[in-house]
Amino acid sequence: MQQTVTPHPDTLKTKLNARLKRIEGQVRGLQKMIDNDTYCDDVLTQLASVQAALNGVAKQLLSQHMHTCVKTRLENGDVTVLDELDVTIARLLKR
């Protein structure tokens with residue numbers, strides 16, 4: 001897998017960071033729920049919410065990746081990016 005630095009648009013960074021901070025708060029809430037012996041079903045519901053939120057971040061980043069990084073590499077004749085994308089999508093779909 002190719003390791004590169006990809007500059008993300010400031011608007012995307014702001015949006016993703018805001019979502020991740022909300023998710024961070026949700027995870028802290030989960031920790032409190034566990035500490036407080038909260039009913040299991042309620043904890044599981046909150047876990048599902050966190051997973052859905054993380055999937056939303058992944059979808060946004062994947063879309064950005066395809067429209068920028070993948071597109072640029074394909075335009076430069078680097079078709080190996082498609083194999084990399086296959087692996088990335090497979091990893092995301094395992095959840």
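Values below: every heavy atom of this structure, side chains too, minus hydrogens, waters and symmetry copies.
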Item to complete: Measure the CG-CG distance between Leu61 and Leu16 for me, rounded to the nearest 0.5 Å.
Response: 6.0 Å
Discussion item. Would you say that Thr80 contacts Arg73 through its side chain, given a criterion of any heavy-atom pair below 4.5 Å between the two side chains?
Written reply: yes
Discussion item. If I take atom CG from residue Leu20 and atom CD from residue Gln26, how far apart are they, to the nearest 0.5 angstrom?
Written reply: 11.0 Å
Worksheet item: At what distance, to the nearest 0.5 angstrom, does CG of Leu74 lie from CE of Met66?
Response: 11.5 Å
Fill in: Intermediate values then yes/no, side chain to side chain contact (heavy atoms under 4.5 Å, CB included), Arg19 and Glu24
CA-CA 9 Å; Arg19 291 183 81 164; Glu24 182 181 21; over 6 Å; no
Name every donor-acceptor pair, under 3.5 Å, that has one atom in a side chain of residues 29-47 and the other anywhere in the protein, sequence neighbours excluded.
unit_1, atom_1, unit_2, atom_2, d
Asn36, ND2, Lys32, O, 3.1
Thr38, OG1, Met33, O, 2.9
Thr45, OG1, Asp41, O, 2.9

Discussion item. Does Leu85 form a side chain to side chain contact (heavy atoms under 4.5 Å, CB included) with Leu62? I'd like the steps, not just the answer.
Written reply: CA-CA 9 Å; Leu85 186 59; Leu62 179 61; 3.8 Å; yes
Item to complete: Without swapping roles, check the side chain of His67 against the backbone of Ser63 for a donor-acceptor pair under 3.5 Å.
Response: yes
Worksheet item: Of the options Val70, Asp86, Asn76, Thr72, which is the one that meets Val81 in a side chain to side chain contact (heavy atoms under 4.5 Å, CB included)?
Response: Val70
Practice prompt. Check whether any side-chain heavy atom of Pro9 lies under 4.5 Å from a side-chain heavy atom of Gln64, and answer yes or no.
Written response: yes
Item to complete: Show your reasoning for whether side chain to side chain contact (heavy atoms under 4.5 Å, CB included) applies to Leu92 and Lys59.
Response: CA-CA 9 Å; Leu92 287 171; Lys59 287 176 193 175; over 6 Å; no
Item to complete: Indicate the atoms forming the closest heavy-atom contact of Gln60 with Lys15, along with that distance.
Response: NE2-CD, 2.9 Å
